A.B. asks: 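Just dropping this structure here.
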Amino acid sequence: MMMSFHAQLLSSAQDAHLYRIIMDGGERFAFLVLDTEGGHVVLSTSEGEPSGDMRLSLDDGQMRPSTAEGEPESEAAEMSREEFALVSGNIRRGWLKEGAPPQKITKFYG
């Protein structure tokens, strides 16, 4: 279980917003895309291509299987489903609160 994370918005292209997630002080990292048109947050590669099977709905905050095919990329494999739900849930909350992609989110636990 991660003890901290920092989500930093790297780039935005229309309705797709790429985040780099630094976990546990830089020991691990992953990438997520906030897709406001598609209505979800997905695990992705560093180029913003969806990878793996994790997706969180912006509408109701529920985890759903992703439509992305193929195996997760090695850089995304470092994030568990529980960690993905926690990080993507915080990005979702920022989006709903601000009405725009949050620039950064930092959380510490335990």
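In this chain, numbering begins with 1 at the start of the sequence shown. Not measured: the values here are computed from a predicted model.
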A.B. asks: So, using side-chain contact (heavy atoms from CB on, under 4.5 Å) as the criterion, who are the partners of R93 when residues are at least two apart?
C.D. replies: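 For R93, the residues satisfying side-chain contact (heavy atoms from CB on, under 4.5 Å) (neighbours in sequence not counted) are N90.
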A.B. asks: Let me know which of I105, I22, T106 forms a side-chain contact (heavy atoms from CB on, under 4.5 Å) with F5.
C.D. replies: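 Among I105, I22, T106, the one meeting side-chain contact (heavy atoms from CB on, under 4.5 Å) with F5 is I105.
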A.B. asks: If you take all heavy atoms of I91 and P102, which pair is closest and at what distance?
C.D. replies: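 In terms of heavy atoms, the two residues are closest at O-CG, 3.9 Å.
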A.B. asks: Taking all atoms of both residues into account, what is the closest heavy-atom pair of L43 and A30, and its distance?
C.D. replies: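 Closest heavy-atom pair between L43 and A30: CD1-CB, 4.4 Å.
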A.B. asks: Could you report the tightest heavy-atom contact between A100 and W95, atom names first, then the distance?
C.D. replies: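 Shortest heavy-atom separation between A100 and W95 comes out as C-CE3, 3.3 Å.
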A.B. asks: Just to verify, what does H40 make a side-chain contact (heavy atoms from CB on, under 4.5 Å) with, not counting sequence neighbours?
C.D. replies: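 H40 satisfies side-chain contact (heavy atoms from CB on, under 4.5 Å) with D35, V42, R55 only.
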A.B. asks: Go through the steps to decide whether Q14 and E37 satisfy the test side chain to side chain contact (heavy atoms under 4.5 Å, CB included), and finish with yes or no.
C.D. replies: CA-CA 9 Å; Q14 295 180 339; E37 183 177 326; 5.9 Å; no
A.B. asks: To the nearest 0.5 Å, tell me how far Q103 CD sits from L9 CG.
C.D. replies: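 Nearest 0.5 Å value for the CD-CG distance: 5.0 Å.
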A.B. asks: Which heavy-atom pair separates L18 from G48 by the least distance, and what is that distance?
C.D. replies: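 Where L18 meets G48 most closely, the heavy atoms are CD1-CA, 3.8 Å.
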A.B. asks: Report the C-alpha distance between H17 and V33 in whole Å, list the side-chain angles of each, state the deciding distance to 0.1 Å, and finish with yes or no for side chain to side chain contact (heavy atoms under 4.5 Å, CB included).
C.D. replies: CA-CA 5 Å; H17 312 281; V33 169; 6.0 Å; no
A.B. asks: Mind checking the CE-OG spacing from M63 to S57? Nearest 0.5 Å is all I need.
C.D. replies: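 Answer for the CE-OG pair, M63 versus S57, is 11.5 Å.
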A.B. asks: Would you compute the distance between atom CZ of F29 and atom CG of D24 and round it to the nearest 0.5 angstrom?
C.D. replies: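 Interatomic distance, F29 CZ to D24 CG, rounded to 0.5 Å: 13.5 Å.
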A.B. asks: Atom CZ of R64 and atom CG of L56: how far apart are they, to the nearest 0.5 Å?
C.D. replies: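 So the gap between those two atoms works out to 8.5 Å.
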A.B. asks: Would you give the length of the straight line joining atom CZ of F31 to atom OG of S46, rounded to the nearest 0.5 angstrom?
C.D. replies: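 Answer for the CZ-OG pair, F31 versus S46, is 5.0 Å.
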A.B. asks: Return the minimal non-hydrogen interatomic distance between M79 and M54, and the atom names on each side.
C.D. replies: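 The pair with the smallest heavy-atom distance is O-CE, 3.5 Å.
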A.B. asks: When rounded to the nearest 0.5 angstrom, what is the spacing between CE in M23 and OG in S80?
C.D. replies: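 OG of S80 is found 8.5 Å from CE of M23.
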A.B. asks: For the residue pair L86 and E82, establish whether any side-chain heavy-atom pair is separated by less than 4.5 Å.
C.D. replies: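 In short, these two side chains do not touch, never coming nearer than 4.5 Å.
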A.B. asks: Can you hop from Y109 to V87 via hydrophobic side chains spaced under 4.5 Å?
C.D. replies: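 Same cluster.
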A.B. asks: For residues L58 and T36, report the shortest heavy-atom separation together with the two atoms involved.
C.D. replies: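 In this case the closest contact between L58 and T36 is CD1-CA, 4.0 Å.
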A.B. asks: Does some side-chain heavy atom of Y19 sit less than 4.5 Å from a side-chain heavy atom of V41?
C.D. replies: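 No. Closest side-chain heavy atoms not under 4.5 Å.
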